[in-house]
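Step one of this worksheet: look at the structure below.
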Amino acid sequence: MTDSTPKPSDFIREAVAEDLRSGRFTTVRTRLPPEPNGYLHIGHVKAFLIDYNIAKEFGGELDLRFDDTNPAKEETEYVDAIQEDAHWLGIEWQRVLFSSDFFDLLYEWAVKLVKKGKAYVDDQSPEEVSKNRGSWTQPGIDSPYRSRSVEENLDLFERMKNGEFPDGSRTLRAKIDMAHGNMNLRDPIMYRIIHEPPHHRTGKKWCIYPMYDWAQGQNDAMHGVTHSLCSIEYEDHRPLYEWFLNELGIENKPRQIEFARLNLNYTVMSKRKLRRLVEEKYVEGWNDPRMPTLCGMRRRGYTPESIRDFVARAGVAKTINFRSGVFVDVAVLEACIRDDLNKLSPRKMAVLNPLKVVLENYPEGQVEEFDALNNPEDAAAGTRKVPFSKVLYIEQDDFREEPPPKYFRLSPGREVRLRNAYFIKCESVVKDANGAVIELRCTYDPATRGGDAPDGRKVKATLHWVSAAHAAPAEVRLYDRLFNDPDPESAGDFLANLNPDSLKVIERAWLEPSLAAAQPGEKFQFERLGYFCVDITSAPGKLVFNRTVSLKDEWAKIEKREKS
RNA sequence: UGGGGCGUGGUGCAAUGGUAGCACACCGGACUUUGAAUCCGCUUAUCUUGGUUCGAAUCCAGGCGCCCCAGCCA
């Protein structure tokens, strides 16, 4: 960032700056609060980056805190994956904390509230609790156990902790107001009893587990968090967040600020739906390149820089018109990765759907090598050698026997340039028994060596190509949006909106030979086609490439328009 | 029907009482050995009604619309 780049500013940063000015806080500490029950996806990234960037910009610290308060849903597998993904994104934290490491203190604090008469053990069944909570229009009904003595509550709560009662038989509840308009304040449950399964870190030590509302603010306070940033659906939890802190007499109370979360069109973000895609095998796994997970995007070829850029472009605000968040166009994401890859990826030539071209006037057995620019955006990237010979492959799309209007590419009698090589002219067409074009007979103009005509004549198209005798075979996977509908969840079953063409596998594409040794993770631009990266399953002799994103395609746009 | 929140071009974000701007998308053009990139240009917006003010996207009041909340999930 240069001096002329305006500092990012939004209502959260303004609030933090104001807190520092006013002396409400003297330092800044934020936290990433993932629940270790799934893989990180692009929606999480916004929250992560807000917390990370704000801590950094204000000279503060960031902690990673796993909110592992529900043993039924959480696993160590995710703890590791989340850290790996967050690191990859470029996020650095000071401490790794677990809510479960603070269960003892949290329990003491609960006891404190019980002693204060602000919490009680409720013997109602889950059904009764739910029924007596009332509704938006009906106030709730006080639990018959609400006015138990402090002594009885203390005794019962301790016995809950000691495992004397079965799951669901009792809860500890805050004593607030069963008629409150905000449902969160109708005596929220603080602890519930869960004997099985054992917790991924504390094992069988505990059989009572704190609810989110009880754990969140107290953890923030224990860890010295100043700004507890979260998404907007927690806005009406804030009064409860503050109630607990106030009743506990916490000094330097953390401040919760909410922002709209990020949704992407043409995808789904809910963990439940992503899990279905994986479990029902609509995709290969959590790291399928079509998934909006970080591991999927990484495999697809997205860079951390492009993802950070995307989140920055999406901005931070409270606008909510779509499921507690904003609905950002996936085209912005694609623009970000194109920008990044355009600058850094080496150019290569690859033919996905080969059409054989025989140069009738090119000497049999002759091979030439041409110098090709590795990256026109970066002079320092240098050049490479590309072999050329009598038999070539070009892209089927680059030839039309009957060219439509505005089609500049090859057709009978027309001349085009082969990138870095020669002008060629199509003399005749060879067809199979069904009338399909299987080969082009062309001539080349030796005077155009390197791609320029000394007589100054112009061609309207430049095609990429490979030499048939030298090309390396590869499998190429063309990924597209997973869903056809901008909002797959809009009506009924999101699976009905799956894009059947989200993956097209090209078993045998032909690559220029310099690609034969490409290593997993390496990224390239296949000229005129798009950005591709070597898949993690790729191996020498059995290359596999993923298309990260296509290049913008003016011709495709024209063709589509002409058709409709 | 209770509580909370949000309404600025197609989408997202700015403008904090003083010329409504930026990005993506769209459309048009220049350039081009990638129909890419780059460059230039263009269309399109303040939910509504009233009020305050010299002046309102911004302040006030009413209306309308959208989102979230009735898990022993987070």
Side-chain angles (χ1 to χ4, degrees), chain A residues 6 9-10 14 33-35 37 67 69-70 72-73 122 124-126 129-131 133-140 167-173 179-186 189-194 209 211-213 215-216 230-239 258 260 262 265 271 312-336 338-339 342-343 347 349 372-373 376-377 406-409 417-421 423 450-452 459-464 486 525-530 550-558:
Chain A
S9 181
D10 53 66
E14 282 171 13
E35 184 189 15
N37 73 342
D67 272 332
T69 56
N70 187 349
K73 298 169 67 174
D122 192 355
Q124 291 183 106
S125 69
V129 168
S130 172
K131 193 173 110 240
R133 184 148 32 220
S135 70
W136 292 325
T137 49
Q138 289 280 117
D167 289 10
S169 59
R170 281 175 230 260
T171 56
L172 184 75
R173 292 232 253 170
H180 202 105
N182 182 346
M183 300 293 274
N184 294 121
L185 298 179
R186 316 249 265 224
I189 291 171
M190 294 167 63
Y191 281 96
R192 73 286 213 193
I193 302 172
I194 303 174
Y209 290 92
M211 297 284 287
Y212 165 86
D213 282 309
Q216 189 72 196
C230 62
S231 54
I232 220 151
E233 66 263 39
Y234 293 105
E235 207 145 21
D236 54 11
H237 291 243
R238 186 168 6 108
E258 312 84 9
L262 183 152
N265 63 7
K271 272 178 200 164
R313 291 197 207 188
V316 178
K318 293 187 74 168
T319 313
I320 44 164
N321 284 311
F322 186 80
R323 297 194 190 105
S324 302
V326 293
F327 203 30
V328 183
D329 195 336
V330 70
V332 180
L333 215 208
E334 293 169 350
C336 290
R338 285 191 187 108
D339 276 1
N342 176 48
K343 282 177 294 179
R347 313 289 126 126
M349 290 198 285
L373 232 37
E377 304 287 320
K406 295 180 185 164
Y407 184 86
F408 303 152
R409 282 112 94 145
R417 171 169 39 233
L418 293 182
R419 177 101 160 130
N420 301 121
F423 284 11
D452 276 314
V459 288
K460 296 202 80 175
T462 300
L463 313 185
H464 61 277
Q525 184 197 95
F526 290 175
E527 285 195 281
R528 303 208 308 132
L529 295 174
S550 65
L551 249 31
K552 287 214 271 185
D553 188 346
E554 185 70 17
W555 165 243
K557 207 184 285 182
I558 293 168

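Quantities reported herein were computed from a predicted structural model and do not represent experimental measurements. Values below: all heavy atoms of this structure, side chains included; hydrogens, waters and symmetry mates excluded. Here is how names work: the chains are called A, B, and so on, in the same order as the sequence lines, proteins then strands, and each is numbered from 1.
- Counting non-hydrogen atoms under 4.0 angstrom, Arg313(A) reaches the backbone sugars and phosphates but no base.
- Pairing for G65(B) is with C6(B), a Watson-Crick or G-U wobble pair whose two hydrogen-bonding atom distances lie under 3.5 Å.
- Of the side-chain N and O atoms in Lys557(A), one or more sit less than 4.0 angstrom from OP1 or OP2 of C26(B).
- Across the protein-nucleic acid pair, Phe526(A) atom CZ and A36(B) atom C1' stand 15 Å apart, rounded to whole Å.
- Nucleotide A23(B) has U11(B) as its partner under the Watson-Crick or G-U criteria, with both atom distances under 3.5 Å.
- The gap from the C1' atom of A23(B) to that of G9(B) amounts to 13 Å, rounded to the nearest Å.
- When the side-chain nitrogen and oxygen atoms of Lys271(A) are compared with OP1 and OP2 of C73(B), none of them lie within a distance under 4.0 Å.
- For Glu233(A), the listed nucleotide lying nearest its side chain is C68(B); candidates were A37(B), C68(B), G12(B).
- Between the side-chain ring of Trp136(A) and the base of G2(B), a stacking contact exists by the 5.5 Å and 30° definition.
- Between the side chain of Gln525(A) and the base of U34(B), at least one donor-acceptor pair of N or O atoms lies under 3.5 Å.
- Of the side-chain N and O atoms in Ser9(A), none sit less than 4.0 angstrom from OP1 or OP2 of A14(B).
- The closest side-chain donor-acceptor pair between Thr462(A) and Arg419(A), if any, does not fall under 3.5 angstrom.
- Of the candidate nucleotides U34(B), G71(B), C6(B), U34(B) has the atom lying nearest to any side-chain atom of Pro376(A).
- Residues Glu235(A) and Arg338(A) both approach RNA chain B. Their nearest nucleotides, taken by heavy-atom distance, put Glu235(A) toward the 5′ side.
- Of all nucleotides listed (A70(B), A36(B), C67(B)), C67(B) comes nearest to the side chain of Ile320(A).
- Residue Arg323(A) is in sugar-phosphate contact alone, with no base atom involved, counting any heavy-atom pair closer than 4.0 Å across all strands shown.
- The Ala335(A) side chain lies nearest to C24(B) when the options are G35(B), C24(B), G12(B).
- Regarding contacts with the backbone of G35(B), a side-chain N or O of Arg528(A) is found under 4.0 angstrom from either OP1 or OP2.
- Contacts of Asp452(A) with the nucleic acid, taken as non-hydrogen atoms under 4.0 Å apart, include base atoms.
- When the side-chain nitrogen and oxygen atoms of Ser324(A) are compared with OP1 and OP2 of G5(B), none of them lie within a distance under 4.0 Å.
- If you check A74(B), A14(B), C72(B) against the side chain of Ala317(A), the one that comes closest is A14(B).
- In this structure, NE2 in His464(A) is found 4.0 Å from CG in Leu529(A), a value given to the nearest 0.5 Å.
- Distances shown here put a side-chain N or O of Arg192(A) below 4.0 Å from the OP1 or OP2 atom of A74(B).
- Across C13(B), U11(B), A74(B), the shortest atom-to-atom separation from the side chain of Thr319(A) is found for C13(B).
- Residue Glu14(A) has its side chain nearest to A15(B) when only G5(B), G12(B), A15(B) are considered.
- Considering only side-chain N and O atoms, Lys343(A) lies nowhere under 4.0 angstrom from the phosphate OP1 or OP2 of A37(B).
- Nearest nucleotide to the Asp67(A) side chain, out of U34(B), G5(B), A74(B): A74(B).
- Centre separation under 5.5 Å together with a plane angle under 30° holds for the ring of Phe408(A) and the six-membered base ring of G35(B), marking them as stacked.
- Of all nucleotides listed (G35(B), U34(B), C73(B)), G35(B) comes nearest to the side chain of Glu554(A).
- Residue Val129(A) has its side chain nearest to C72(B) when only C72(B), U16(B), G35(B) are considered.
- U46(B) is unpaired under the Watson-Crick or G-U wobble criterion, no partner having all donor-acceptor distances under 3.5 Å.
- For the OP1/OP2 pair of G71(B) and a distance below 4.0 Å, the side-chain nitrogens and oxygens of Arg133(A) include at least one atom meeting the criterion.
- Proximity of Thr69(A) to the phosphate of A74(B): a side-chain N or O atom is located under 4.0 Å from OP1 or OP2.
- Judged by distance alone with a 3.5 Å cut-off, a donor-acceptor contact links the side chain of Arg409(A) to the base of G35(B).
- In this structure, Leu529(A) reaches neither bases nor backbone, as no heavy-atom distance under 4.0 Å exists between it and the strands shown.
- Base pairing of A70(B): no nucleotide in any strand meets the Watson-Crick or G-U wobble criterion (both distances under 3.5 Å).
- If you take atom C1' in C68(B) and the same atom in G63(B), they sit 22 Å apart, rounded to whole Å.
- At a cut-off of 3.5 angstrom, the base of G3(B) holds at least one donor-acceptor pair with the side chain of Asp236(A).
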